[in-house]
Amino acid sequence: MFYGNDPVWMSREVTGGFEKQPVSVLVGPQHSRVNVKVSGQLNAIRVDFAPGGMFRMLGIPMVELFDGGFDAVEFFGAQIKEVNERLSEITEPAQGKTIVEKFLLQRSGKLKCRLPVDTALRLMLIQDGREDIEQAASLSCLSLKQFERKCRERVGMNPKTFARILRFSKAYRMHEAFPELSWTSIAHEAGYYDQMHMIRDFKIFAGVTPTVIEKQLLSTPLRMQRDLQY
């Protein structure tokens, strides 16, 4: 996340209290809820990595970044400082997009090679966690245990947890995009066995039930996941 001149404030459920974020933040694999408070004019640029993409760029096992947010300067040094300075001077969003894309293209030459496991994890993403895990392991040309280890390395969690988060994300995004849909319909479309299983995942990953999320979204203009594209 690149915030330009007005970083947001964030609070994690486990720690409480809002902390001002750096102007550029590297966000690891997320498991628990984060609350966001905006001050000033929000003019952010978000970069979404495919599963395994951040590992391929940094070479750092994602378990080490699990459920955390970090100052991007710690990982990219002078390069990201230059990006931050240039973003602070832009007048149009398109200018910021060009700056960030140039930075990423410069880093792309150092990416680790793409492996079959990366293809399998992306398939899990595209299918919103419905892909059979043993089949995903087979597509990766790995045993189930090897696939679990590679999954923790690349996305910071085991395949079952990854699949659950993908289903939850699908349900959450559907409500953001189509608030008129019933939660029963959303549970079905997201691939849940029944609505109770969806409610359980909302309590784990969002900290509250779908009904509470529905009320909370009415009081905020931010829609953080609605426009995610695969």
Side-chain angles (χ1 to χ4, degrees), residues 1 12 14 25-34 46-70 72 74-76 101 103-174 186-194 196-198 200-206 224-225 227-230:
M1 293 293 298
R12 295 186 176 274
V14 293
V25 182
L26 187 74
V27 183
Q30 296 298 286
H31 182 275
S32 56
R33 173 171 173 155
V34 174
R46 185 183 72 197
V47 178
D48 299 318
F49 285 82
M54 190 177 289
F55 167 78
R56 292 174 60 212
M57 177 171 283
L58 298 176
I60 300 174
M62 290 297 101
V63 290
E64 297 183 17
L65 308 182
F66 182 76
D67 223 22
F70 309 87
E74 297 178 12
F75 299 87
F76 299 108
E101 285 181 343
F103 162 71
L104 292 173
L105 286 171
Q106 289 173 342
R107 298 288 307 187
S108 66
K110 300 179 181 179
L111 285 175
K112 290 181 176 294
C113 293
R114 184 185 181 94
L115 300 177
V117 64
D118 298 305
T119 301
L121 290 172
R122 182 164 178 79
L123 182 61
M124 290 181 67
L125 172 71
I126 293 171
Q127 296 189 354
D128 300 307
R130 301 188 193 199
E131 175 73 8
D132 180 77
I133 292 175
E134 291 187 359
Q135 185 174 345
S138 177
L139 182 62
S140 303
C141 304
L142 299 170
S143 69
L144 186 57
K145 287 187 176 180
Q146 289 173 326
F147 179 63
E148 290 175 348
R149 184 171 67 252
K150 287 293 183 180
C151 192
R152 285 193 291 271
E153 175 187 69
R154 279 164 154 72
V155 297
M157 62 195 80
N158 64 49
K160 288 184 178 180
T161 301
F162 182 49
R164 286 182 66 184
I165 288 179
L166 292 175
R167 281 193 296 272
F168 160 75
S169 177
K170 171 70 171 181
Y172 189 96
R173 285 182 287 112
M174 284 190 67
I186 290 175
H188 174 73
E189 290 296 324
Y192 280 100
Y193 179 76
D194 56 32
M196 289 306 299
H197 281 78
M198 182 185 70
R200 178 195 61 187
D201 278 1
F202 264 77
K203 289 180 178 178
I204 292 173
F205 301 128
M224 299 297 288
Q225 295 197 40
D227 60 341
L228 284 177
Q229 299 292 327
Y230 297 159

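The figures here come from the full heavy-atom set of this structure, side chains too, leaving out hydrogens, waters and symmetry mates.
- The line from CE of Met174 to NE2 of His188 is 9.5 Å long, rounded to the nearest 0.5 Å.
- Put simply, the side chain of Arg164 reaches to within 4.5 Å of the side chain of Ile204, judged on heavy atoms.
- Under the 4.5 Å side-chain criterion, counting only non-hydrogen atoms from C-beta, Pro159 is in contact with Glu148.
- Taking the side chain as every heavy atom from C-beta outward, Phe75 and Leu58 approach each other to under 4.5 Å.
- Atoms SG and CG, from Cys151 and Leu144 in turn, are 10.5 Å apart once rounded to the nearest 0.5 Å.
- Proximity of the aromatic rings of Phe103 and Phe76 is defined here by a centroid distance below 6.0 angstrom, and this criterion is met.
- The two atoms that bring Glu189 and Lys170 nearest to each other are O-CE, 4.2 Å, heavy atoms only.
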(message) Walk me through whether Gln135 and Leu123 qualify under side chain to side chain contact (heavy atoms under 4.5 Å, CB included).
(response) CA-CA 11 Å; Gln135 185 174 345; Leu123 182 61; 5.8 Å; no
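- Note on Glu153 versus Lys150: salt bridge recorded, some NZ/NE/NH1/NH2 to OD/OE distance being below 4.0 Å.
- The closest side-chain heavy-atom distance from Val155 to Met54 is not below 4.5 Å.
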(message) I'd like to know whether Asp118 forms a salt bridge (Lys or Arg N to Asp or Glu O under 4.0 Å) with Lys112, so could you lay out the CA-CA distance, the side-chain angles of the two residues, the decisive distance to 0.1 Å, and finally the verdict.
(response) CA-CA 11 Å; Asp118 298 305; Lys112 290 181 176 294; over 6 Å; no
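- The two residues Phe147 and Leu121 make their nearest non-hydrogen contact at CZ-CD2, 4.1 Å.
- Considering only heavy atoms from C-beta on, Phe55 stays 4.5 Å or farther from Leu111 through its side chain.
- Side-chain atoms of Arg167 come within 3.5 Å of backbone atoms of Gly129 as a donor-acceptor pair (strictly under, hydrogens ignored).
- In this structure, Phe49 CZ and Arg56 CZ are separated by 11.0 Å, a value rounded to the nearest 0.5 Å.
- Using a 4.5 Å heavy-atom cutoff, the side chains of Ser32 and Asp67 are in contact.
- When all heavy atoms of Ala120 and Ala136 are compared, the pair lying nearest together is CB-O, 3.4 Å.
- Between the side chain of Arg152 and the backbone N or O of Asn158, no donor-acceptor pair lies under 3.5 Å.
- In this structure, Glu134 places its CD atom where only 12 or fewer heavy-atom neighbours from other residues, nucleotides or ligands lie under 6.0 Å away.
- When atom types are taken as modelled, the side chain of Gln127 and the backbone of Leu125 share no donor-acceptor pair closer than 3.5 angstrom.
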(request) Apply side chain to side chain contact (heavy atoms under 4.5 Å, CB included) to His31 and Thr161, showing your working. (result) CA-CA 9 Å; His31 182 275; Thr161 301; 4.0 Å; yes
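- Taking 4.5 Å as the limit, every side-chain heavy atom of Leu142 sits out of range of all side-chain heavy atoms of Arg149.
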(request) Step by step, work out the side-chain hydrogen bond (donor to acceptor under 3.5 Å, both in side chains) result for Gln146 and Ser143. (result) CA-CA 5 Å; Gln146 289 173 326; Ser143 69; 3.3 Å; yes
(message) As a quick check of understanding, evaluate side chain to side chain contact (heavy atoms under 4.5 Å, CB included) for Arg154 and Leu115, giving each step before the final call.
(response) CA-CA 11 Å; Arg154 279 164 154 72; Leu115 300 177; 3.4 Å; yes
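- Minimum heavy-atom separation, Met157 to Pro29: CE-CB, 3.8 Å.
- When every heavy atom of Asp201 is checked against every heavy atom of Phe168, the shortest pair comes out as O-CD1, 4.2 Å.
- Without hydrogens or angle criteria, Ser108 side chain to Leu105 main chain gives a donor-acceptor distance under 3.5 Å.
- Taking every heavy atom of both residues into account, Phe162 and Met124 meet most closely at CD2-CE, 3.8 Å.
- Side-chain contact between Phe205 and Arg33 is absent, with no heavy-atom pair separated by less than 4.5 Å.
- Taken to the nearest 0.5 Å, the OG1 atom of Thr119 stands 9.5 Å off from the CD1 atom of Ile126.
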